[in-house]
Number of protein chains: 2
Amino acid sequence: MNGRFPIAMHIMTLLCTADEVLSSDYMAGSINVNPVLVRKELSNLIKHRLIKSQQGKNGGYLLNRPAADISLAGIYQAVRSGAILGQAKNQPNPACPIGRQINAHLNTLEADIEQTMLNKLGNTTLAAFCKKFE
Amino acid sequence: MNGRFPIAMHIMTLLCTADEVLSSDYMAGSINVNPVLVRKELSNLIKHRLIKSQQGKNGGYLLNRPAADISLAGIYQAVRSGAILGQAKNQPNPACPIGRQINAHLNTLEADIEQTMLNKLGNTTLAAFCKKFE
DNA sequence: ATTAATTGTAATAATAAATATTACATTACA
DNA sequence: TGTAATGTAATATTTATTATTACAATTAAT
């Protein structure tokens, strides 16, 4: 996987603990990645209605609802890209009895694991996560 | 993540359902990836004592113990590389109160989720997985 | 003994994915 | 009107993954 979940969590934690809007440049400075990457992730988080923005001078970003109403599962779902257990890009040989069926069975397993993980992540709110930073 | 778990599962399923040793070239043909990639993964699975090899002509690979004694968690642990929830390669700004602590808290979360996932994968044996292919 | 099929592994190349950079249009406050 | 910010496209760079080539070592079969 890539660094999107850690970066999204960093963003959400910053916004959760801030008492005013934060700029993408400020957040990029805390995360220490390129500001455009942060803005892309902010765009995505807006699309998933987790945050909102204020444009123009003195603009910035803020949470779209109370942190107690945002679960880590929601954040994960906003950034998830591909399978938890990995995604091979091969196309197994359909002439082989195993190759013909393996993807279907792996997909079932993947769905099962992902649901387990979402249940677990759903147990923690952003508010609870941010309490650790006191 | 990458395709190592799917490929390892494909290998283990082939070996589980075979009644003789299988060559890396045969398995590469079923998986449809480069034979050297398969041999590298086979090497790794040997290192984790999940399979063993017979060298020389007519050689090949076979399971190292009954499929009922191999769990999907064991296979996952043999191939896992990095964090389930993603690994950012940035170094957060230590001058920021959030940046200073975020990695510690994300690592705790990661460990928690990974344990949940291993518990779930531990519930299924390779033998049970392979029964689906009848 | 010799041959051939195979494991095992190193070195390199090619491809794909992630991240960084540059640029600039748009917005809204002061 | 100037300025600080969002929003986004285009491109470049870096990193990770997969493929390829090559060949030494091993062992069964002839």
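In what follows, every chain begins at residue 1, and chains take the letters A, B, ... in the order their sequences are listed.
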- Message: Taking the minimum atom-to-atom distance to the side chain of A/Lys89, which one of C/dT27, D/dT17, C/dT9 wins?
- Response: D/dT17
- Task: Determine, using the 4.5 Å side-chain heavy-atom cutoff (strictly less than), whether B/Val21 and B/Met12 are members of one ILVMFWY cluster.
- Result: no
- Message: Taking the minimum atom-to-atom distance to the side chain of A/Ser43, which one of D/dG7, C/dT6, C/dT9 wins?
- Response: D/dG7
- Message: Need to verify one output field. Residue with the more 5' nearest nucleotide on DNA chain C, B/Asn90 or B/Gly59?
- Response: B/Gly59
- Answer yes or no: does a side-chain N or O of B/Ser24 lie under 4.0 Å from OP1 or OP2 of C/dT7? yes
- Query: What is the distance, rounded to the nearest whole Å, between atom CG of A/Asn44 and atom P of C/dA18?
  - Reply: 14 Å
- Separation of C/dA18 atom C1' from A/Gln87 atom CD, nearest Å, is 17 Å
- Please state how far atom CE in A/Met27 lies from atom C1' in D/dT6, giving the value in whole angstrom units. 11 Å
- Find the distance B/Arg4:CZ to D/dT17:C1' and express it as a whole number of Å. 11 Å
- Tell me: CG of B/Asp25 to P of C/dG8, nearest whole Å? 13 Å
- Among C/dA4, C/dA18, C/dT21, which nucleotide sits nearest the side chain of B/Lys57? C/dA4
- Message: Using a heavy-atom cut-off of 4.0 Å across all strands, would you classify B/Ile7 as base, sugar-phosphate, or nothing?
- Response: nothing
- Task: Determine the contact category for B/Gly56: base if any of its heavy atoms lies under 4.0 Å from a base atom, sugar-phosphate if only primed atoms, P, OP1 or OP2 are that close, otherwise nothing.
- Result: base
- Note on the structure: Side-chain contact check for B/Asn2: nearest option of C/dA10, C/dA18, D/dT17 is D/dT17
- Message: If I take atom CG in residue A/Leu22 and atom C1' in nucleotide D/dT6, what distance separates them, rounded to the nearest angstrom?
- Response: 14 Å
- Task: For B/Asn44 and B/Glu41, test the side chains for any donor-to-acceptor distance below 3.5 angstrom and give the result as yes or no.
- Result: yes
- Query: Atom CG of A/Leu37 and atom C1' of C/dA20: how far apart are they, to the nearest Å?
  - Reply: 8 Å
- Message: Looking only at the side chain of A/Ser23 (C-beta and beyond, no hydrogens), which of the listed nucleotides D/dA5, D/dT8, C/dA10 gets closest?
- Response: D/dA5
- Query: Of all the nucleotides listed (D/dT27, C/dT21, D/dT20), which has the minimum atom distance to the side chain of A/Asn34?
  - Reply: C/dT21
- Message: Treating B/Ser53 as the side-chain partner and B/Gln55 as the backbone partner, does any N or O pair qualify as donor plus acceptor under 3.5 Å?
- Response: no
- Residue A/Asn58, side-chain heavy atoms: nucleotide from C/dG8, C/dA20, C/dC29 that is nearest: C/dC29
- Task: Determine whether A/Ile46 and A/Phe5 fall in the same hydrophobic cluster, where Ile, Leu, Val, Met, Phe, Trp and Tyr are linked whenever their side-chain heavy atoms lie under 4.5 Å apart.
- Result: yes
- Query: Atom CG of B/Leu42 and atom P of C/dT9: how far apart are they, to the nearest Å?
  - Reply: 11 Å
- Task: Quick one: label A/Val33 by what it contacts on the DNA or RNA (base, sugar-phosphate, nothing), any heavy atom closer than 4.0 Å.
- Result: sugar-phosphate
- Note on the structure: Of C/dT7, D/dA22, D/dT6, the nucleotide closest to the side chain of B/Tyr61 is C/dT7
- Message: For B/Leu85, is there any backbone N or O sitting under 3.5 Å from a side-chain donor or acceptor partner on B/Glu110?
- Response: yes
- A/Asn93 side-chain N/O to A/Gly99 backbone N/O, donor-acceptor pair under 3.5 Å: no
- Message: By nearest heavy atom, map A/Arg39 and A/Asn32 onto DNA chain C; which one lands nearer the 5' end?
- Response: A/Asn32
